[in-house]
Q: 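Structure in structure tokens, see below.
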Amino acid sequence: AKAPAPAAPTPTDQPKEEPKDDRTWNLQFATFWPATDFQVAEGHMGWAKEIEKRTNGRVTFTFHPANALLGANEIFTGVADGAADLGTTCPAYTPGLFPVTEAFELPGYKNDNALVASMTMWEAYKTMDLLQKEYKDVKVLMFWATGPGDVMTNKPPVRKLEDLKGLQIRTVGGTVPSMKALEATPVSMPMSDAYLALDSGLLAGILAPTDTLKGFKLAEVINYVTKTPFLYNIVFMKVMNWDTWNSFPADIQKAFTDVSEEYVEKYGKLRTDHTEGGLQYGIKEHKVEVITLSAEEQARWLKQIEPVVDAWIEKTNKAGLPGNDVVKKVKEIDAKMSQKYGSYGK
Amino acid sequence: MTPMQVGMLSILVIFILLFLRMPVAFVMLVVGMSGYAYLTTTRAALSITAQTMYNTFASYPLIVVPLFVWMGFIAYYSGLSSRIYDATYKVMGSMTAGLALATIGACAAFGAICGSTTATAATMSAVALPEMKKYNYSRSLSTATVASAAILGVMIPPSVIFILYGISTGESIAKLFLAGILPGLLLMVLFMLATYLIVRRNPDLAPAGPKVPWGEKLRAVMRGGVEVIIIFVCVMGGLFAGFFTPTEAGAVGAFSTLVVALIRRQLTWRGFVSSLNDAVRIAAMILFLSGAAYVYGRFLAITGLPAAMATWATEIALPPVLILVVILIVYLILGCFIDALALILLTVPIFYPVVMALGFDSVWFGVIIVLALGMGVITPPVGANVYVVAGVERETPVMTIFRGIWPFLICIFVCIAILITFPGIALVIPSLLR
Amino acid sequence: MGILDKFVRMITWRTAQIGQAALAAVMLLIVANIFSRIPWKPVPGTVELTEILGAVLLTTGVAYTQLMKGHIFVGVLVEKFPPRLQGVVDTIVSAISLFFAGLLAKETIAFGAKMAQRGWATADLLIPIYPVIYLVAFGFLMLAVVLLKDLIKAIMMIIKGSEAL
Ligand code: NA
Ligand code: NA
């Protein structure tokens, strides 16, 4: 959005006053979620309303949900180049672009819920130079994250590690190594194919957070949810074009900074609620069975996925980044945040 | 100029460039890029264009297009399609418009394995058009028949449009698929009826064949039918048994057609190379056009024009059915310029809440939307199906095809009217689910 | 002109052959994946390899399609013009198309360079994507070459006043 240039100050003999800045902005907001998804309908809309309120309506937004303006893997570059003013997407959709961020999607953290994961990522971004470097092409407004994903199957139910062996599970991006380590067979396919693939029996299951049971209608084709909170979560970013950001006066920049800071926690809570809500919807409307692993069983799974973290550290070290330090730091923050926010929604 | 005015000006420029013989894909690309650069920056316009084109080319769901097109050309070069049409001609050729009716039926059957209208249009063009030409069917009639009947590809499940609608509204995809079956068959019957009536009035459009004795009919069916049944069983059977997804069905279709042709020693090396050559050419045409249409659609999105039209349609004080009619008119207009998939993403979020507030059924509305989008893929100036057919049948000018479209367009109107009067046609099968 | 015409034809045809091979390969890959996973397990990275092959087959086909006049156009109006005027119209249209195809090729190269530097790769097999982007850019560059040939032809048409070359 090209903002009209501020009106030229009229020359006058009066004592010099700051020229009144009455510019307005309509910002193009790109996101991959459909408009009806809670992330847009409640999350982004709530955030946008709050910004509009605190800027007295000088900043407004035009939403382009469901990849209408930029595809999920185009949003980061598109925002950096100004094709949209701001946007939200996952770093995981463009593997390789954000090597340090990958650390947050590794298995094995305490990672109680989406709130913990969101606060962890945000805290890490504010304190780690390495992370900030990955996003220098854009103005980062905020980060947040999904809750832990669960193994959800059509059939058979997964009650122990052995049940998973050889099952074809839709898995994407950073979670592929974990599923390989658990001896499932990861199948990557677009989300638009997942419903039919589950329905036809081509896929035995999918690894995803339970809000997809409702959001992507998966409850219709899923019968069992095995709680596996330790497997992964996915980070999200909300980023803005630098030229757009620099066109704002200080008070508007402050509104963005303040509201976004508050919304890291709000989004985290929202996702936690909907992860639970999606699960309850599945249980009530489609009689999905929830399977909880015993402590010993969980320990077996965790042992099995240990090499995944080591392999990641090795790969990252090879790329000249301190993989070990990064994982250690994330573990620290995760532990701190788990203590503070881990009980939310329980 | 306001962004909205830029959007309207872009439509004018499109018309001018089209009539100056610039290829449609370039028109969309040139107007989309320039408009985007004008409203934002040159940097932004270049960035979004390069990304959009790359991602359209490197798209897993879109790979069905080249694969199904190739399948069609293998059938053509191996003589398979000619044998099918020989059989059809012997069985139905003496009937009024027999081959055209059979082609409409074949589009519906192919729709059951293919989820996209463009892939259906391309495949059926490769298979059906040369054959109808052989039997002296009017070009305008045969090309318009294929372009329109290809809409059955998204009415009859599986269907990419129902999947997109389901995800963007939260409606059950399974229910939408089931809801599409009867209206799809209804539309098929309407298309057949229209074709029949046109040819009855002007028999020269589809010269009737000679009466053929039963014995010869049977022999022709045996020669042409067996292979089709094998391929059909491979693709449909595998799909329903859950061996592969609809996206993969394109590869299975091409593979099984190739195997049948090789076993029966009907495909020469030359024919094989030609089939690949034609498939690559047609697929490149379709997807370059899709990519360019996406670029234009994205430019139109930031002008706010589609959203403004949609909002306007929902704010006028009229009885619910008339608002629905206005919405359909908006689809008819926008469908002239925007690709079907882009259009659903742009408009459903705006129309859906309004239509729900008016008290219509959401599954039913999904079926109506697919029909409305069906109008868009055959109306000028941007009618994807017509371009696809013109790309395969290269001797027929685009305008000749567009001229043949209007009876089918009327059929879609009639189908929508019937569904508004008897919503049960869409809802009876899904209501049996649970 | 004759030599230029032949040369452009030869290189676009060679390029399109890469696309033909890619189409056959993508079919075999998907079928192999299905046959492999029913009794055993899927071919790793099928989706990402399909995407790469899809990009190869389409981008190598775009220029060839233009060479064969396969990109759909609406000829009703211009066909009625006298040859010289047709030449003028085609010169303008080819020049505009050439300019934008050139821009697209240039920007795609820049996009590839950026992704090379950032290390964009596929999720499973970790195949770097920038070479594929460069190949797509090459396809657009070939398209520009064919359009340049069309432009020269159109200018000749203005000079000679007929289509014969
Ligand atoms: Na279909
Ligand atoms: Na249209």
Side-chain angles (χ1 to χ4, degrees), chain B residues 17-27 29-30 33-34 45-47 49-51 53-54 56-60 62-63 66-67 70 238 243-244 247-248 250-252 254-255 258 272-273 276-277 279-285 287-289 291 380-381 386-388 390-391 394 397-399, chain C residues 16-17 19-24 26-31 33-34 38 47-48 50-55 57-66 68-79 86 89-90 92-93 96-97 100-101 103-104 106-108 110-111 129 132-133 136-137 139-140:
Chain B
L17 290 178
L18 277 181
F19 279 105
L20 290 181
R21 205 154 70 173
M22 183 184 274
V24 187
F26 291 107
V27 174
L29 197 66
V30 166
M33 275 172 93
S34 316
L46 289 172
S47 166
T49 309
Q51 284 207 73
M53 293 311 275
Y54 174 77
T56 309
F57 283 5
S59 157
Y60 181 75
L62 290 178
I63 201 75
L67 288 168
W70 189 27
F243 289 149
F244 43 81
T247 307
E248 293 166 332
V252 176
F255 181 72
L258 190 61
F272 175 72
V273 173
L276 276 170
N277 179 16
V280 168
R281 177 172 56 79
I282 301 293
M285 185 273 281
L287 290 170
F288 188 56
L289 179 62
V386 171
Y387 294 147
V388 169
R394 304 176 62 195
V398 175
M399 279 313 189
Chain C
Q17 280 182 321
Q20 297 176 9
L23 175 56
V26 89
M27 183 271 276
L28 289 174
L29 172 66
I30 295 178
V31 172
N33 182 41
I34 295 167
I38 291 172
V47 172
E48 34 193 77
T50 301
E51 286 176 349
I52 290 173
L53 288 169
L57 95 87
L58 293 167
T59 194
T60 52
V62 167
Y64 178 68
T65 307
Q66 176 62 20
M68 306 310 290
K69 293 275 170 275
H71 292 295
I72 305 304
F73 56 85
V74 181
V76 267
L77 188 65
V78 180
E79 273 157 16
Q86 286 196 26
V89 169
D90 286 351
I92 297 169
V93 163
I96 298 174
S97 305
F100 279 85
L103 272 184
L104 186 56
K106 182 177 157 285
E107 179 61 20
T108 310
F111 178 47
I129 294 177
V132 189
I133 303 178
V136 172
F140 292 139

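As a basis for the values below, the full set of heavy atoms in this structure was taken, side chains included, without hydrogen atoms, waters or symmetry mates. A, B, ... follow the sequence lines: proteins, then strands. Residue 1 opens every chain.
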Q: Give a yes or no on this: more than 12 heavy atoms of other residues, nucleotides or ligands lie within 6.0 Å of atom CZ of Phe243(B).
A: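 Result for CZ/Phe243(B): open.
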Q: Looking only at non-hydrogen atoms, find the nearest pair between Leu57(C) and Pro66(B) and report the distance.
A: CD1-CB, 4.1 Å
Q: In Å, rounded to the nearest 0.5 Å, how long is the span from CZ of Arg21(B) to CG of Leu77(C)?
A: 10.0 Å
Q: Non-hydrogen atoms of chain B under 4.5 Å away: do they reach the side chain of Ala24(C), the backbone, both or neither?
A: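 Answer is both: backbone and side chain atoms of Ala24(C) are under 4.5 Å from chain B.
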Q: Starting at CZ of Phe288(B), measure out to CD of Gln66(C) and round the result to the nearest 0.5 Å.
A: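 The CD atom of Gln66(C) is 8.5 Å from CZ of Phe288(B), to the nearest 0.5 Å.
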Q: If you count heavy-atom pairs under 4.5 Å between each of Val136(C), Asp90(C), Ile129(C) and chain B, which one has the most?
A: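 Among Val136(C), Asp90(C), Ile129(C), the one with the most close pairs to chain B is Asp90(C).
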Q: Using a 4.5 angstrom heavy-atom cutoff, name the option from Ile30(C), Leu23(C), Thr50(C) with the most pairs to chain B.
A: Leu23(C)
Q: Using a cut-off of under 4.5 Å for heavy-atom pairs, which of Ser59(B), Ala25(B), Ala254(B), Ser47(B) has the most such pairs with chain C?
A: Ser47(B)
Q: Hey, which of Val26(C), Ile52(C), Ile92(C) has the most heavy atom pairs under 4.5 Å with chain B?
A: Val26(C)
Q: OH/Tyr54(B) to OG1/Thr59(C) distance, rounded to the nearest 0.5 angstrom?
A: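 Here the interatomic distance stands at 10.5 Å.
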Q: Would you mind telling me which of Leu53(C), Val62(C), Thr108(C) has the largest number of heavy-atom pairs within less than 4.5 Å of chain B?
A: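 Maximum pair count with chain B is reached by Val62(C).
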Q: When heavy-atom pairs shorter than 4.5 Å are enumerated against chain B, which of Gly70(C), Gly139(C), Ala110(C), Ala101(C) gives the highest number?
A: Gly70(C)
Q: Do you know which two heavy atoms are closest between Ser34(B) and Phe100(C), and how far apart they sit?
A: OG-CZ, 3.4 Å
Q: Name the member of Leu46(B), Val24(B), Val398(B), Val280(B) that forms the most heavy-atom pairs with chain C at distances under 4.5 Å.
A: Leu46(B)
Q: Looking only at heavy atoms, what is the nearest atom pair of Met27(C) and Leu67(B), with distance?
A: CB-CD2, 3.8 Å
